[in-house]
Every structure is written in C-alpha cells, then in structure tokens.
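Following: one structure in structure tokens, then a few remarks.
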Amino acid sequence: MVSFIEEKQSKMTAQNVVMTDAINVAITVAVSNSPSMFTTTIAAQKPPVPPGTGFVSLSTKNLLKNLEINGVGGARINAWVESMRASSPTHIKSTPSLAADCHSSWILNHPSALDMFEQIIEASKGKQIVMFLDYDGTLSPIVDDPDQAFMSNKMRKTVKKLAKCFPTAIVSGRCRDKVYNFVKLAELYYAGSHGMDIKGPETGSQNKKSDHESILCQPASEFLPMIDEVYQKLVEKTKSTPGAKVENNKFCLSVHYRCVDEKKWSEVAQQVRSVMKEYPKLLLTQGRKVFEIRPTIKWDKGKALEFLLESLGFANCTDVFPVYIGDDRTDEDAFKILRDRGQGFGILVSKSPKETNASYSLEEPKEVRSFLRRLVKWKHIQKN
C-alpha cells in the first residue's frame, strides 16, 4: 500500500493551478517565475456503452477569459463572476432554449440508470460489484447550509443494506469525520477531502481481504499546516460578506457563496483571489456555488477509487465492476478513471445536461436510492 502511494506522489507537480467550473470548463493557470499562461480546454468524450447519437457539447470556452490568480485587474474578477454564474443551477435553468435543445440529445448518450438497469446488471455478470458514492447531491440534497445536509433515514437504511451486498465507499470533498457523522455507518469505507483522507470500515464489510484490516491513506499530510493557515486567512477575509462560509475539510477547504447576494459575488471572488495568489502550491476549483481549495498533488477522487480497488485486492483484476455515482465536477476524475479502465460505469446525478465522462444519469437523490434498492433486491435474488 505504501509503495502505491509513493508511486502516485512521485508524479506530483506543484507548478500548475487548475480551475474548473461546474460545466467542465478547465482553466489552467501556470504559476512560475515567468508571467502566467492561460488556456481553456473542453473534453467531450462519448460514453462507451449507452446507445444514441448526437452528443451535445455545452462548451463555454468563450465565457472565461484571462482568469488568473496572480496579477491584477477587474477583468479577471469579472471572469470569475461569470464562471460563478455559469456554475449556478438556477442560471443554467434560466436558459430554456438551451435546455430544450440539449436535453433530449444528452439523455440519449447518458440514459437513466433506472431505465438501463437490466443492461447494467447484464454487464456486471460474473464480476464483483464495488460501489462508490458521493455524498452531497447524491445521498443528500443540496442545501443552503452545508452543515444541514442530512441524509434521510430511508437513504441510510438503503446504504446499510447495500454495504452488506457489495464493498461500499463514500467519496466526498467533505472532511472524513464530518461525512462519517452524516452517514453514521461504520461498515463503509470513507474517502474524505476529495479522496485525500481514506479509512476502511470499523466493522465487517463485503471486503475481499480476509483480515478486514482498516486501511488508512493520507497522501497530503504535509499540507495540513498550509491548509490551516489559508483557512484562517479566508475566514478573516470573508467575515465582512453576509452569507459567505468557509468550511475546513482537513486536507482541503470550501468557500461557499450559495447564501451570498449575487451582487456581492465579485467581492467573494476578490477575497478568495487575494489569499490564493500567495499559495501557488494549492489548487482552486469551482463547483456548485462553492470554491474548493486543495493541495496540487496528483491525487483526486479518481486516484482514491484506484487506491481503494487496490486495497480490496482488485488492482489488476478483470472480474471487478466498479460503479461510481456522483453529482459534482470533482466526481469527473473518478468517471474518467472508470472509462479509461474499461470497467464499470459512472452515473451522474443531474437534472440538466452537463459534459461528463459518466455513462448514465439519475436526476436526484431520490432516484439514487431507487437504483441502490434495485441493486440490493437483485443481489438477494441471486443469493436465493
């Protein structure tokens, strides 16, 4: 296990800061002794299995220009604000013509996992299913106050039953301890801080290893002092902006602006930028009304997925079938890993079209629960 982590970390780089928005616009800012460079890339790849033609690209590469952490200028802040608006679900919904034109074509390429359940089960036959689940927006609804993102008791019971059938992991941007307190199931694997804080189950689980050892992986431990320092600075900077909230997720930080008046979004962007420009070794990404800050190591939810598969004994196996369900831009790293491996599927939780490496879709946590229940029911039928 140690050699696996060292191999991953040996490839790390601290030269680039990458920003992405919620509809898969990747902005790379190179931080070096020379002036910053800016590029935009849009990756639109077709999923490997689902039927349909006419993949819809929701490109917004012309939306963001000169988005840099280092340097000065109102234009850069304006670009941040435009990106913040673009990542807001309410703003995406405010363009009905885009939704009408795109949704039907998008759903052909990312059909409902509920509608395609039998096909998914057929593809998994003879293989060990391993489940990976995001938390916010997947097991619990997105709420204004991140401290109130509770999962329902029905969802908890479903996940508990799921873990009795398959190895199951929660992979979240949240602090591992915090997401554990939300889920409250000791038999699961937990990967917090975007996969930078991993711990195995405390009780029996459907683990391929006979000794059920409690794994622990924290590849970004050296960044803890820096993360704490930035947290204190961001709290101080944002305290004058009503509704802004800085969340310490141990190995990463979240700056929430969901409850901030839109007229003050530029203020939040300026506050974050003023702190981040002093820390080129930290990565800044953008999600659904949130800025995410984490170390610039080659580690993400996709790497966490690979680590867990190896820990379970499935590193080089052809008889494993990973299923990853998530709603966030950061889940795309895991979706891409599954596509590159040619094993299992990613399922995006979204009501609106998004560029994604996932193969299937579900609209909301309620549908996620329905899908998980069907998996459990199928497994029980197989046993009998």
Q | Salt bridge Lys301-Asp328, side-chain N to carboxylate O under 4.0 Å | A | no
Q) Taking only residues two or more places apart in sequence or in another chain, which ones pass salt bridge (charged side-chain N to carboxylate O under 4.0 Å, His left out) with Asp327? A) Arg288
(Q) Using the salt bridge (charged side-chain N to carboxylate O under 4.0 Å, His left out) criterion, which residues pair with Arg341? Sequence neighbours excluded. (A) none
Q) Who pairs with Lys125 by salt bridge (charged side-chain N to carboxylate O under 4.0 Å, His left out), at least two apart in sequence or on another chain? A) Glu122
Q. Shortest non-hydrogen contact from Ala304 to Ile198?
A. CB-CD1, 3.9 Å
(Q) List the residues meeting salt bridge (charged side-chain N to carboxylate O under 4.0 Å, His left out) with Lys160, not counting sequence neighbours, and say none if there are none. (A) Glu187
(Q) Taking side chain to side chain donor-acceptor pair (under 3.5 Å) as the cut-off, I'd like each qualifying pair that reaches into residues 237-247, sequence neighbours left out, listed once. (A) Asp147-Lys245, Arg174-Glu247, Lys178-Glu247, Glu236-Lys239, Thr241-Glu267, Thr241-Gln271, Glu247-His256
Q: For Asn316, look at atom CG and say whether over 12 heavy atoms of other residues, nucleotides or ligands are found less than 6.0 Å away.
A: no
Q. Looking at Gly326 and Thr138, what are the two nearest heavy atoms and their distance?
A. CA-OG1, 3.4 Å
Q: Look only at the side chain of Thr168 and the backbone of Met131, and say whether a donor-acceptor pair between them is shorter than 3.5 Å.
A: no
Q | Output field: ring centroids Phe321/Phe345 closer than 6.0 Å | A | yes
Q.
My understanding is that only residues two or more places apart in sequence, or in another chain, count here; which of them pass side chain to side chain donor-acceptor pair (under 3.5 Å) with Lys233?
A. Tyr279
Q.
Which residue in the set Glu332, Arg329, His110 passes side-chain hydrogen bond (donor to acceptor under 3.5 Å, both in side chains) when paired with Thr356?
A. Glu332
Q | All side chain to side chain donor-acceptor pair (under 3.5 Å) counterparts of Arg373, not counting sequence neighbours | A | none
Q.
According to ring-ring contact (aromatic ring centres under 6.0 Å, His included), who are the partners of Phe182, at least two apart in sequence or on a separate chain?
A. Tyr135, Phe150
(Q) Run the side chain to side chain donor-acceptor pair (under 3.5 Å) test against Ser254 and tell me which residues pass, sequence neighbours left out. (A) Asn249, Glu292
Q | Sequence neighbours excluded - ring pair (Phe, Tyr, Trp, His ring centres under 6.0 Å) pairs with any residue from residues 325-344 | A | Tyr324-Phe335
Q: Please report the shortest heavy-atom distance between Arg176 and Gln218, naming the atom on each side.
A: NH2-NE2, 4.1 Å
(Q) According to side-chain contact (heavy atoms from CB on, under 4.5 Å), who are the partners of Ile121, at least two apart in sequence or on a separate chain? (A) Phe117, Ser124, Leu375, Trp378
Q: Evaluate the side-chain proximity of Val171 to Leu305: yes if any heavy-atom separation is below 4.5 Å, no if none is.
A: no
Q | Under the side chain to side chain donor-acceptor pair (under 3.5 Å) test, residues paired with Asn153 that sit two or more places apart | A | Arg156
